[in-house]
Student: 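Pasting a structure here, questions to come.
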Protein chains: 2
Amino acid sequence: MGKLDFSPIADTTRRAEIVALLRRAILTGQLEPGQKLNELRIAEQMRVSRAPLREAMRELVQEGILTSIPYAGTFVIDVTAKDIDDAYSLNKVLDEFAIERMWPLRDQRFFDELDRRHEAVKQATRNLDTTRQIETALQLHGLIHEWADNSVLLETWQRLTSRLQMYFALHQRARNEPVPAEDVHDTYVRLLKGSDMGAAQRHAREHIELDFEELLAYARSLEQRTSKGARADRAGLTRNRPEGD
Amino acid sequence: MGKLDFSPIADTTRRAEIVALLRRAILTGQLEPGQKLNELRIAEQMRVSRAPLREAMRELVQEGILTSIPYAGTFVIDVTAKDIDDAYSLNKVLDEFAIERMWPLRDQRFFDELDRRHEAVKQATRNLDTTRQIETALQLHGLIHEWADNSVLLETWQRLTSRLQMYFALHQRARNEPVPAEDVHDTYVRLLKGSDMGAAQRHAREHIELDFEELLAYARSLEQRTSKGARADRAGLTRNRPEGD
DNA sequence: TCTTGTTAGATTGTCGACAATCTGCTTGTC
DNA sequence: GACAAGCAGATTGTCGACAATCTAACAAGA
């Protein structure tokens, strides 16, 4: 038989496209944290009715980068230092788990893909395209999760990644200078190709710790000024209440 | 000032109520895996238009217990042995992390809440209410995650829990006999009150392992018969594709 | 001046109808 | 009989309009 695999056909619903557009706008920082999303205005701009737009927003709310308050509006989530800290500490655990799981599954295809993504990061770095740099770096990092053959882990990591990407983008936006970070990933890639799993896990943990401190400091500095969308605080999250008691 | 705190007002949107109704139906197994959700029919039964229903469905899709295929329909996710395995192995990691984090945060309020939830499980067990038993057991288990003071962890665990609850409910449904499991949780609760964190972590891991094997065997037996909704396979999940290359 | 009630405007939530798409059946042709 | 084309029927996706709710400004009264 012919050994040609077709890629799945593109999503042809407006909803999916809206989701992609909005997500991109949020993750690149074009929509700022705390900002309110006016349905009517966005719908007009996109030449779309409010129905698919609202459905798209619901998805992003569940994805964790929007938050909705009934009859008040839907807002981009606020970035608190605690959130970043939480996300990072969990990410470390997930990384360790992912490496453990994917370690015996490494093969030539893995190494090739690893190099490919590493190259993409270097490319973006050369081009001084910081947005793309963040994106590719996270994709490089995500390979271990994709390769771990655990769909739940992958979903979890992708949710985490959305926020991390948003945090990084904001950080980059704040200070306009591009990160030099030329070959930060070299060690990471080398260790993933090596034979010492423990070393790879340790490096993943420390490597992350690195730019984390910087990011955290930035978030703390943001915390001072009062965000105009400050009332868009935690809503929902109380699924577990013991209703019958 | 008066020291009375009011609980937040109930969500008064139809959407929220629909979400709750649908989630309950799915998690208790009233809606079976692979089953298609006909929008028109459900909307009529609930006396609601399709708009809020569809928004509710979008939320549950992102929550991971429904899956949607454009122009084909929305289905309850299929339960594969691999999914259960994945969820459990990740859950073990999360438990360990949660215990580590909440350990220094334990106080009297924690112990009280622990006892309260433990009592709820025993109550449900006495009443032979298996659905409620599953629910309360998971709530007991969830306390460590709620107490870990990490919102991202909590969200992640709640997503996982949804599936686990669904799996358990299906399992219970299959074999009608209620689980004896009278005091399975006694040791768990005792260790969480004790001073040996490592022991608590170890127990959490092993205790889970217990009913896991049973559940997994059941899932494997299901895998034989062809589900009528079999084509409702993984859709989406490919957010990470490198679009510009 | 402070509080409370009222009202107008804007925004979100919901509805019913229409358009686009899929599925299965029928029909026609070889 | 096998197969492709085409035609209902049903279902999902989208639209425009209406209802419910919130916000802020303003007026009335203590």
Side-chain angles (χ1 to χ4, degrees), chain A residues 6 8-22 31 34-62 66-77 226-236, chain B residues 1-2 6 8-22 31 34-62 65-77 226-233 235-236:
Chain A
F6 290 99
I9 218 71
D11 288 333
T12 47
T13 72
R14 297 186 194 282
R15 184 182 69 239
E17 290 189 45
I18 298 173
V19 166
L21 274 178
L22 281 182
L31 284 170
Q35 186 171 344
K36 177 174 175 179
L37 279 67
N38 186 312
E39 297 180 1
L40 212 47
R41 196 157 47 80
I42 296 179
E44 280 173 3
Q45 288 178 359
M46 290 188 179
R47 308 288 181 82
V48 165
S49 87
R50 283 172 55 220
L53 172 62
R54 282 174 59 88
E55 291 186 19
M57 282 171 143
R58 275 335 131 220
E59 290 191 22
L60 294 177
V61 166
Q62 283 305 106
L66 289 182
T67 162
S68 157
I69 303 178
Y71 290 108
T74 305
F75 308 81
V76 179
I77 58 166
T226 314
S227 144
K228 53 191 169 188
R231 66 205 143 110
D233 54 344
R234 298 285 160 274
Chain B
M1 67 180 107
F6 291 98
I9 220 69
D11 288 334
T12 48
T13 71
R14 299 188 195 281
R15 185 184 69 238
E17 291 190 43
I18 298 174
V19 166
L21 274 178
L22 281 182
L31 285 171
Q35 186 172 344
K36 177 174 175 178
L37 277 67
N38 185 312
E39 297 180 1
L40 211 49
R41 196 157 47 79
I42 296 179
E44 281 173 3
Q45 288 178 0
M46 290 189 181
R47 309 287 182 78
V48 163
S49 89
R50 283 173 54 221
L53 172 62
R54 281 174 59 88
E55 290 187 20
M57 281 171 143
R58 270 341 127 219
E59 290 192 22
L60 294 177
V61 166
Q62 282 306 104
I65 59 182
L66 289 182
T67 163
S68 157
I69 303 177
Y71 290 108
T74 306
F75 308 82
V76 179
I77 58 165
T226 315
S227 143
K228 53 193 168 187
R231 66 206 144 108
D233 55 342

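From a predicted model like this one, the values you see are computed outputs, not experimental measurements.
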Student: Measure the distance from CZ on B/R15 to P on D/dA19 and round it to the nearest whole Å.
Tutor: 21 Å
Student: Rounded to the nearest angstrom, tell me the gap between atom CD in B/E39 and atom P in C/dG16.
Tutor: 15 Å
Student: Would you say D/dT14 has OP1 or OP2 under 4.0 Å from some side-chain N or O of A/S49?
Tutor: no
Student: For the side chain of B/K36, counting heavy atoms from C-beta on, which of D/dT11, C/dG13, C/dC15 is nearest?
Tutor: D/dT11
Student: Checking contacts here: which listed nucleotide (D/dT12, C/dT14, D/dT21) is nearest the side-chain heavy atoms of B/Y71?
Tutor: D/dT12
Student: Send over the distance from A/F75 CZ to D/dC22 P, rounded to a whole Å.
Tutor: 13 Å
Student: Counting only side-chain nitrogens and oxygens, does B/R54 get under 4.0 Å of the OP1 or OP2 atom of C/dG13?
Tutor: no
Student: Using whole Å, report how far CZ of B/R41 lies from P of D/dT12.
Tutor: 10 Å
Student: With a non-hydrogen cut-off below 4.0 angstrom, is B/I18 in contact with a base, only sugar-phosphate, or nothing?
Tutor: nothing
Student: What is the nucleic acid contact for A/L53, judged by heavy atoms within less than 4.0 Å: base, sugar-phosphate only, or nothing?
Tutor: nothing
Student: Are any of B/R50's side-chain N or O atoms less than 4.0 Å away from OP1 or OP2 of C/dG16?
Tutor: no
Student: Taking atom P of D/dC15 as reference, at what distance in whole Å does atom CE of A/M46 sit?
Tutor: 12 Å
Student: For A/R47 and D/dG16, give me the distance from atom CZ to atom P, rounded to whole Å.
Tutor: 12 Å
Student: So if I take every side-chain heavy atom of A/P70 and compare against C/dG13, D/dT14, C/dT12, which nucleotide ends up nearest?
Tutor: C/dG13
Student: How long is the line joining CG of B/N38 and C1' of D/dG13, in whole Å?
Tutor: 14 Å
